[in-house]
Amino acid sequence: SDIAFASHFGRTEKGSNHITRALMARQITLDDGWNELEGGITKLESVVEDGLRTPFSNLEYVRMYTRVYDMCTQSQNFTSHLYKRYKESLNRYCSQTILAAVKRHRAERLLEELYHRWEQYKLVTKVLAGVFYYLDRFYTQRDKYTVNRGESPVPLKELAENIFKQHVFDQIKNEVRDIILQFIHREREGELVDRNMLKSAVEVFIVMGGGKLNLYEGDFEQDFLENTAQYYRRLSNTWIQSDSCPEYLEKAEDRVAAEMLRVEHYLHHTTESKLTNILNTELLAKHITTLVEMENSGAIALLVAHRKDDLSRMYRMVSRLDDSDGVIPMCGHLKRHIAGIGLEAVRDQGKVKPKDVFTFIDNLLAIQEKYEDLVTSCFQSNQHFQKAMNEAFAEFVNKQTRKSTTAELLSYYVDAFMKKQASELPEDVVDGRFEKLIKLFQHVVEKDLFQEFYRKQLAKRLLMSRSLNEDAEKSFILKLKMQHGATFTTRLEGMFTDHTMASELQTEFSDFVQDGHPIGVDLNVQVLTQGYWPTYKIEDVHLPEQMTNAMDVFKEFYLSRKRNRRLTWVHALGTASIQGRFTKRPCEITVTTYQCIVLMLFNNGAQLTPRDVASVTNLPPEEVRRQLMSLSVQPKYRILTKSSEGDQIGDDDVFSFNKAWEGPRRIRIPGIAQVTHQETSQINQHVLQDRKLVTEAAVVRIMKARQRLTHAELVSEVISQLKHFKPEAKMIKARIEDLINRLYLKRDDNQHNLYHYLA
């Protein structure tokens, strides 16, 4: 109706100009002019109260506007008098008509009548503001002239609001507030209410405050917030006695959403933060400990049952509180839960054999994937939950056992994966598996231990051609490099460089052989840079003549191109292809170099004991037994026969060539693995020695930069800088003492725990 009324009064009818000229022809007295205006005002009020059913024409609007203009612009103008009589007219309208109408009602009818009358009043004063526009434009401007005359007229809109406040609102505001609160309570209890009416009623508090919030906050909001706190205090105390944690939180979330809609529909937006604080306090803060720790339905129960929807809701609700009150206690439960699951998974870590490593690591990867998804989807990757999860993983992933660590088993897993699965699976699957392994590896403290195991296994895969997917090998090393820096993978990348250059060198050697240096066998040599590759035990083995001749030719070739170099032959990782002539059919057999040396002894029908073999080859007795076992125990690979029954080899057993063996035309005979405990012990010793050197280097580097530090400060700095393992304080102390003895550092003469760097 506002829009229709405004457009109705905004048009000018034909013939209005001659009326204006006629009116301006004579002087208008105050009483005559006001009587005419008062009649128009009375009619306008009646038209509005009648629901606009009676017309109020454009002509009438123009007559009133013109009369005001003329009375304010004629030689004897009545501007101030018109302003006062306009004010008296609104006073009378509010006190005699509006207030009387509102007071005839009680409860919700009073609120409805106030809403109705307020909307009518706004329409009447809006039209009259147009009629008396001249006053607003020239009289109510508070310039120095009006101030000097002792007058301080306010703009018509502000005047209308002030009059309504004084004569209507101030008389009933307490009753209106109570009625609004009753409506809000009924809405909270599930009843439907007229939100537009409530919006208008609440709006009156703001408008009556002159656009400021003092009146709204003091006469309405304060009581609203107190009522809200009491309401939800009673409700939450009832819920906590009867509901499970998910049921309680679901109700609380629904109530919070409803209150936010209430603010959106009819409260001022500044109330939202205050209302939120009350809801958080009464619904959550006072009960959060009970809820999270609730037996059979609290955080631990939901985590065990993996109820993601309920966990998501719990996070949404606790995140409304300060982190110390909500999120962090919940993180504690998550950490304990994941740590418990993980510790159970690694309980038998010390018993895991290489053949079972897939099951063990895949289980850890599944746990990791499960809880990463939980933290992402339910807890929105919150940093506190991320930290709790990482700490839980670090707790069980770094569990120490006498026989093995996760770092060692992780390296075995990668080794087995590269040998058996990397070439069979699609590239995206392989890449996804590597991503998971790298994430799991981040939790490992002893990264240098993994590095050493991995380097030793990579060497075997490269030198014995057991890796079927070199692209996958390089991809995994690249991911390690991106995560842990170039220094972590320098030696691994160097091994691949050597492996690539070896093929180029072999091509040159083949040309050299064909140019008049026959060797009688096909010899493939991989030249390795000593600093990149693991250290291998060098055995002074007596090789067959064919092998030594070929090696001498290669040495001549290599030294002719690489002067001032020295070759050291490592046979432990070599392989050989030999021809076996059996009764049924010949067979091409691929064996290790040591197996080849042993087999060559049986060429002419020889029968030898382990002592004989050791004497001829100069191999250690334990190594001889390993090689004979690999060639005689398993029926599938029984190239040799032994005189005794069973799998054990005695010093007096006699071995001979098994000419009757039936096998395929081509076969690879695996070696018998060395005792892993011995190999593991060697790697651990090597890693420990490296750690001493790295720790000393860190101490020197820090002291050179800082010049003087206390013992506690130096230990803290060293621990923070060493990323690939966590040094123990006693080891750092031992390295410091050693550096003092070697005159890199010295103690302060007066302060025993203060160190100085010696240049």
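- Atom CD of Glu226 has more than 12 heavy atoms from other residues, nucleotides or ligands within 6.0 Å.
- Less than 6.0 angstrom separates the ring centroid of Trp118 from the ring centroid of Phe164.
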ask   = Could you go step by step and tell me if Lys157 and Asp136 meet the salt bridge (charged side-chain N to carboxylate O under 4.0 Å, His left out) rule?
value = CA-CA 9 Å; Lys157 184 175 184 297; Asp136 244 355; over 6 Å; no
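- The aromatic rings of Tyr65 and Tyr69 lie parallel to each other, their planes meeting at an angle below 30°, with 60° marking the opposite boundary.
- Annotation: ring-ring contact (aromatic ring centres under 6.0 Å, His included) contacts involving residues 188-207, sequence neighbours excluded, comprise Phe169-Phe205, Phe205-Phe220.
- By the neighbour-count criterion of 12 heavy atoms within 6.0 Å, atom CD of Gln76 is sparsely surrounded, having that number or fewer from other residues, nucleotides or ligands.
- Side-chain contact annotation: Tyr248 with Glu253, donor-acceptor N/O pair under 3.5 Å absent.
- For Lys387, the NZ atom sits in a loose shell: 12 or fewer heavy atoms of surrounding residues, nucleotides or ligands are nearer than 6.0 Å.
- Within a 6.0 Å radius of CG in Asp431, other residues, nucleotides and ligands contribute more than 12 heavy atoms.
- In this structure, Lys199 places its NZ atom where only 12 or fewer heavy-atom neighbours from other residues, nucleotides or ligands lie under 6.0 Å away.
- Checking side-chain atoms of Tyr86 against main-chain N and O of Leu135 turns up no donor-acceptor pair under 3.5 Å.
- For the residue pair Tyr216 / Thr271, a side-chain donor-acceptor distance below 3.5 Å is found, with atom types taken as modelled.
- Sorted by first and then second residue, the pairs that involve residues 265-288 and meet salt bridge (charged side-chain N to carboxylate O under 4.0 Å, His left out), not counting sequence neighbours, are Glu217-Lys274, Glu221-Lys274, Arg233-Glu282, Glu282-Lys286.
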inquiry  = Determine whether Val68 and Tyr133 satisfy the following criterion, side chain to side chain contact (heavy atoms under 4.5 Å, CB included), listing intermediate values before the conclusion.
reply    = CA-CA 9 Å; Val68 171; Tyr133 177 69; over 6 Å; no
